[in-house]
Amino acid sequence: MKLVDIGERSLVKKILSFLGSVPFIGDDSACIPYGDKFILATIDSTWRRTHFPAEMKPKQIGWFVTAISLSDIAAMGGHPLAVLLSIALPRESEEEMVLEIVEGAEECARKYNVHVVGGDTKEHKELTLSGVAIGEVEKSKVLLRKGLEVGNLVAVTGPLGGAGAAYIAIRNKIRGISLDRLLKPIPRIKEGIDLSKFCLATSCMDISDGLASTLYQLSEINGVGFRIYKEKLPIAREAIEVAKYLKTDASSIALFYGGDYELIFGIRREKVEDAIEKMGKDKVRIIGEVIGERKITLARNGKEEEIPDRGFEHFRKENYL
């Protein structure tokens with residue numbers, strides 16, 4: 001089978017089958033037992049064609065690679081410890097560009113009280129970066145993708161569709177749309193730590209490939225389904241603006257375009273008020289509930305329709321961001 005036919009998720013599933021004896025594999029970060037804690041380790045690879053639009057400046061590239069790696073630490077409830085950066089690039093590249101990439105990476109790392117502590121440089125035909133993030137979390141408080149229970153509410157830490165709207169704006173040359181959520185994503189480190197520290201979440205994952213895609217992954221892992229309420233979707237202002245321009249439904253941008261790096265988590269109903277008190281109402285956006293039937297629907301005005309499994313997936317012919 002060619003990868004273009006099976007996609008990234010099917011490939012990863014088969015890879016994991018070879019590593020089945022490794023505990024806690026398949027989450028946002030690897031968990032390495034170390035005393036009463038887990039050392040968290042994650043790596044994200046990016047390259048010019050798929051991740052760096054022409055509008056992205058070198059400092060933003062460095063920030064981006066660091067931020068998306070730290071987002072995986074956040075999804076596990078971890079405290080970041082360090083970042084490493086690997087840069088592969090053509091020999092004709094300008095030294096100044098490379099230094100600006102590293103500056104952007106260090107700027108992002110410092111924002112979360114860590115540093116870029118090392119890395120690697122190699123020659124390659126196209127700019128390619130890999131970011132490694134290291135973190136730690138108490139074993140008893142680690143956040144995993146598995147753990148959802150029927151009856152849990154489903155929440156996200158912020159508005160969705162902002163990065164997708166920026167991507168659409170670039171492709172369609174729509175002026176006046178902020179590109180910040182695409183070019184400079186914010187890893188939800190504090191939110192992940194709060195979910196872990198106060199034992200608020202039954203399950204957690206970051207939304208990198210789009211909400212719909214994330215729901216389908218969580219559905220498979222947990223053997224459950226979801227009912228998402230359309231009127232409760234927190235849609236980013238940029239997505240609303242782009243939708244008006246294109247005369248389309250803004251919720252489709254929030255559902256199917258990736259790059260937001262918000263956290264999605266399950267929460268028991270009795271813990272919602274506690275979560276809002278500790279994290280703030282804007283960081284606990286209830287969007288739906290976990291159901292027993294293995295289906296994922298969008299509910300509105302008493303009617304439900306199935307949400308298709310669409311979003312970003314490497315190797316596929318057609319993709320959303």
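Just the heavy atoms: all of them, side chains too, but no hydrogens, waters or symmetry mates, feed the values below. Position 1 is the first residue of the sequence; numbering continues from there.
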For residues 110-120, run the donor-acceptor check on the side chains, cut-off 3.5 Å, and write out each pair with its distance to 0.1 Å, sequence neighbours left out.
unit_1: His115; atom_1: ND1; unit_2: Glu106; atom_2: OE2; d: 2.6
unit_1: Asp120; atom_1: OD1; unit_2: Lys122; atom_2: NZ; d: 3.0
unit_1: Asp120; atom_1: OD2; unit_2: Lys122; atom_2: NZ; d: 2.8

Sequence neighbours excluded and cut-off under 3.5 Å, please list the side-chain donor-acceptor pairs for residues 125-134, or say none.
unit_1: Glu126; atom_1: OE2; unit_2: Arg49; atom_2: N; d: 3.2
unit_1: Thr128; atom_1: OG1; unit_2: Glu126; atom_2: O; d: 2.9
unit_1: Ser130; atom_1: OG; unit_2: Ser45; atom_2: OG; d: 2.8

Can you give the donor-acceptor pairs under 3.5 Å from side chains of residues 151-161 to other protein atoms, not counting sequence neighbours?
unit_1: Asn152; atom_1: OD1; unit_2: Glu149; atom_2: N; d: 3.0
unit_1: Asn152; atom_1: OD1; unit_2: Thr202; atom_2: OG1; d: 2.8
unit_1: Thr157; atom_1: OG1; unit_2: Glu262; atom_2: OE1; d: 2.6
unit_1: Thr157; atom_1: OG1; unit_2: Leu263; atom_2: N; d: 3.0

Pairs under 3.5 angstrom only: tabulate donor-acceptor contacts from the side chains of residues 79-89 to other protein residues two or more places apart or in another chain.
none

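Not one N or O on the side chain of Thr50 forms a donor-acceptor pair closer than 3.5 Å with the backbone of Thr46. Side-chain atoms of Ser219 come within 3.5 Å of backbone N or O of Val224 as a donor-acceptor pair. The closest donor-acceptor contact from the side chain of Ser203 to the backbone of Arg145 lies under 3.5 Å. A donor-acceptor distance shorter than 3.5 angstrom exists from the side chain of Trp63 to the backbone of Pro185, with no hydrogens or angles considered. In this structure, Asp194 contributes its side chain and Met279 its backbone to no donor-acceptor pair below 3.5 Å. With hydrogens and angles disregarded, a donor-acceptor distance shorter than 3.5 Å links the side chain of Tyr216 to the backbone of Ile307.
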(message) Run the side chain to side chain contact (heavy atoms under 4.5 Å, CB included) test on Ile287 and Leu211 for me, step by step, so that the C-alpha distance in whole Å, both residues' side-chain angles and the decisive distance to 0.1 Å come before the verdict.
(response) CA-CA 11 Å; Ile287 63 169; Leu211 176 59; 4.2 Å; yes

(message) Please evaluate residues Ile170 and Leu182 with respect to the criterion side chain to side chain contact (heavy atoms under 4.5 Å, CB included), reporting the C-alpha separation (whole Å), side-chain torsions for both, the decisive distance (0.1 Å), and the verdict.
(response) CA-CA 10 Å; Ile170 290 172; Leu182 175 65; 3.9 Å; yes

(request) Kindly determine whether Leu246 and Ile174 satisfy side chain to side chain contact (heavy atoms under 4.5 Å, CB included), including the steps that lead there. (result) CA-CA 10 Å; Leu246 297 177; Ile174 304 173; 4.3 Å; yes

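Residue Ile291 belongs to no hydrophobic cluster, having no ILVMFWY side-chain heavy atom closer than 4.5 Å to its own.
Sorted by first and then second residue, the pairs that involve residues 64-93 and meet salt bridge (charged side-chain N to carboxylate O under 4.0 Å, His left out), not counting sequence neighbours, are Arg91-Glu123. For residues 57-68, the set of pairs meeting the salt bridge (charged side-chain N to carboxylate O under 4.0 Å, His left out) definition, not counting sequence neighbours, comprises Lys59-Glu103, Lys59-Glu107. Note on residues 248-260: pairs passing salt bridge (charged side-chain N to carboxylate O under 4.0 Å, His left out), not counting sequence neighbours, are Arg181-Asp260, Lys230-Asp249. Sorted by first and then second residue, the salt bridge (charged side-chain N to carboxylate O under 4.0 Å, His left out) pairs involving residues 129-141 (not counting sequence neighbours) are Lys37-Glu136.
For Glu96, the CD atom sits in a loose shell: 12 or fewer heavy atoms of surrounding residues, nucleotides or ligands are nearer than 6.0 Å.
Partners of Glu94 by side-chain hydrogen bond (donor to acceptor under 3.5 Å, both in side chains), not counting sequence neighbours: none found. Scanning for side-chain hydrogen bond (donor to acceptor under 3.5 Å, both in side chains) contacts around Lys197 gives an empty result, with sequence neighbours left out. Checked against side-chain hydrogen bond (donor to acceptor under 3.5 Å, both in side chains), Arg269 has the following partners two or more places apart in sequence or in another chain: Glu289.
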